[in-house]
2 protein chains.
Amino acid sequence: MVSNFRQSEILEFARKEGKVTVDGLAEHYNVTVQTIRRDLSVLAESGRLERVHGGAVVPSGVVNIIYEERRRTNEAGKKAIAVKCAQVIPDGASVFMNIGTSTEAVALELLDHENLLVVTNNLNIAYILSANKTCEIILAGGILRRTDGGIVGGLTVEMVKQFKFDHSVLGCSAIDVDGDLLDFDGQEVMVSRTAIQQSRNVMVVADHIKFKRKAPLTICALGDVDILFTDRALSDELAANCEGFKTLVVTT
Amino acid sequence: MVSNFRQSEILEFARKEGKVTVDGLAEHYNVTVQTIRRDLSVLAESGRLERVHGGAVVPSGVVNIIYEERRRTNEAGKKAIAVKCAQVIPDGASVFMNIGTSTEAVALELLDHENLLVVTNNLNIAYILSANKTCEIILAGGILRRTDGGIVGGLTVEMVKQFKFDHSVLGCSAIDVDGDLLDFDGQEVMVSRTAIQQSRNVMVVADHIKFKRKAPLTICALGDVDILFTDRALSDELAANCEGFKTLVVTT
DNA sequence: AAAAAAACGAACGCAAACGAACATTCGTTC
DNA sequence: GAACGAATGTTCGTTTGCGTTCGTTTTTTT
């Protein structure tokens, strides 16, 4: 139970930013710090925030995926990639996003976009974007994979087929030297392929580690991809291929 | 139960803006603040708004609902109802569960069942049951409603249609004196109806408060229900009806 | 390790918001 | 046209929120 307007907004704030400060909030709401302290006490007592000196943070633990995700994201260069990718997506666009921590990073960067329609088979993305009030979220149905919150299976594919997306933001497990996108999971591959078919603009987000990995299944060739976002320069061979494929490469 | 045009507009307003103020609404509708307070009370009582000093806000979103829900669930006699209902469901069964705190309580009681296949349009249930490793969870796809973690819409219905369930566990917003099951949300009604069609055994979980409430839409008649779980004795009239319907009533 | 600064929580008082009870208006029913 | 019920307005005692003050705890600086 929140007892005033501020508290619900503070919660929202905290979830977006990961933390809030007493002073910052006091200034923002033009009230005394004491009032803010009272608010934070209430929110902390009900377990929705964790009080720290000078402010409050979102509690860690299973309950809050956003915060954990944010931490995981920040430690890598994924955020930089995500920022670039989010810049390409305009307000009001329809977007598909699949399973993967890279795509989740993009979701975090989409929190301030407006009026998006996002279709995803990734439960974490649904959670992250639920903090964005103007965003319509459509979950693809199917079998829930508890290891990563992914939704997979034939039903998922069927559902994705019913849409036509302005953009799709895809992650993958690995990228082969010849440019093929690879993955471990056959069911997820089917979902990704379907999304590619249904999208006007296909974007892949992959940090440099993906270029060193291997995976058994092919999702598609880089030629099917419109923009590849990554954090290091590609090998000469791959760069040349991309030119041939007319695939735009964005390096952070 | 939206008893006047204002209330539905206020809801719309609140969902758009995130909040509404008593003063603002009073001025806008040119009525006294007391009248607005009455409206907000009604909306808050049915859980569609959360009352705060000076106005109301939309209930907190899905992200933290799990945590809050767990607390809310335990406080009522819902647990007792849920225990009874869970006893009826054997290991290995296929089960559909819809939106509602009562069904979530049942989900908690299913954590020790084995090899269930659970289809749900309730994100919280998916999360709760993800702790049960032997349980296969299938999420119905569709539009995510951030206020309660429900998944609704035509796509959801289509997906539910593809299954045939041993049992379905349904909650509702209210139960009419003549035995009709009622709900606020038209889209959710469609999902529930579909689930009933596709189920061999239909079970409804409803605490006694539901018998005092009203809601505008009919899901089905009690005659379509095989077992009704509740925590207090029914009115004589309703009990007699149930006998006529061949609906088994289980009271905790 | 001591001192200074910042943050904290408890207590008090005022003003705003609140809800219960009662009064009024208006449309329906008999 | 009298009786009724639902919706709204009115009044009033009660509760709640917020600023202020002050003594305590925590953090930073010296």
Novice: So, OP1 or OP2 of C:dA17: does either fall under 4.0 Å of a side-chain N or O from B:Arg51?
Specialist: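 It does not, given that no N or O in the side chain of B:Arg51 lies less than 4.0 Å from OP1 or OP2 of C:dA17.
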Novice: Look at the side chain of A:Asp91 and the backbone N and O of A:Glu114, then say whether any donor-acceptor pair between them is shorter than 3.5 Å.
Specialist: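 At least one qualifying donor-acceptor pair exists.
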Novice: Report, one pair per line, the protein and nucleotides 26-30 of chain D atoms (nitrogen or oxygen only) whose separation is under 3.5 Å.
Specialist:
none

Novice: Tell me, which of residues 22-37 of chain A have any heavy atom that sits under 4.0 Å from an atom in DNA chain C?
Specialist: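 Residues of residues 22-37 of chain A that come under 4.0 Å of DNA chain C are, in numerical order, A:Val22, A:Asp23, A:Gln34, A:Arg37.
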Novice: Can B:Lys19 and A:Ser8 be counted as having a side-chain donor-acceptor contact under 3.5 angstrom?
Specialist: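 Absent: no donor and acceptor within the cut-off.
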Novice: Any donor-acceptor pair, under 3.5 Å, between the side chain of B:Arg38 and the base of D:dG9, if you only look at N and O atoms?
Specialist: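 Check passes, donor-acceptor contact within cut-off.
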Novice: Give the rounded distance in Å between these two atoms: CZ of A:Phe5 and P of D:dG17.
Specialist: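 Distance, rounded to whole Å: 12 Å.
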Novice: Test your reading of the model: is there a side-chain donor-acceptor pair from A:Asp231 to the backbone of A:His208, 3.5 Å cut-off?
Specialist: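 Side chain of A:Asp231 to backbone of A:His208, a donor-acceptor pair under 3.5 Å: yes, one is there.
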Novice: B:Ile10 CD1 to D:dA7 P: how many Å, rounded?
Specialist: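 Distance, rounded to whole Å: 14 Å.
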Novice: Using only atom types and a distance under 3.5 Å, with no angle test, would you say the side chain of A:Thr103 pairs donor to acceptor with the backbone of A:Asn98?
Specialist: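 Answer holds: yes.
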Novice: For the residue pair A:Tyr127 and B:Tyr127, does the interplanar ring angle fall in the parallel (under 30°), tilted (30 to 60°) or perpendicular (over 60°) class?
Specialist: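 Rings of A:Tyr127 and B:Tyr127: perpendicular, over 60°.
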Novice: Short question: side chain of B:Thr120, backbone of B:Met97 - any donor-acceptor pair under 3.5 Å?
Specialist: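 Indeed, once roles are kept as given, a pair shorter than 3.5 Å links the two residues.
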Novice: Can you tell me if A:His113 uses its side chain to pair, donor with acceptor, with the backbone of A:Asn132 under 3.5 Å?
Specialist: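 The answer is no, because no donor-acceptor pair under 3.5 Å joins these two groups.
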Novice: Kindly write out the residues that satisfy side chain to side chain contact (heavy atoms under 4.5 Å, CB included) with A:Gln34, not counting sequence neighbours, or none if the list is empty.
Specialist: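 A:Gln34 satisfies side chain to side chain contact (heavy atoms under 4.5 Å, CB included) with A:Thr32, A:Arg37, A:Arg38 once adjacent residues are dropped.
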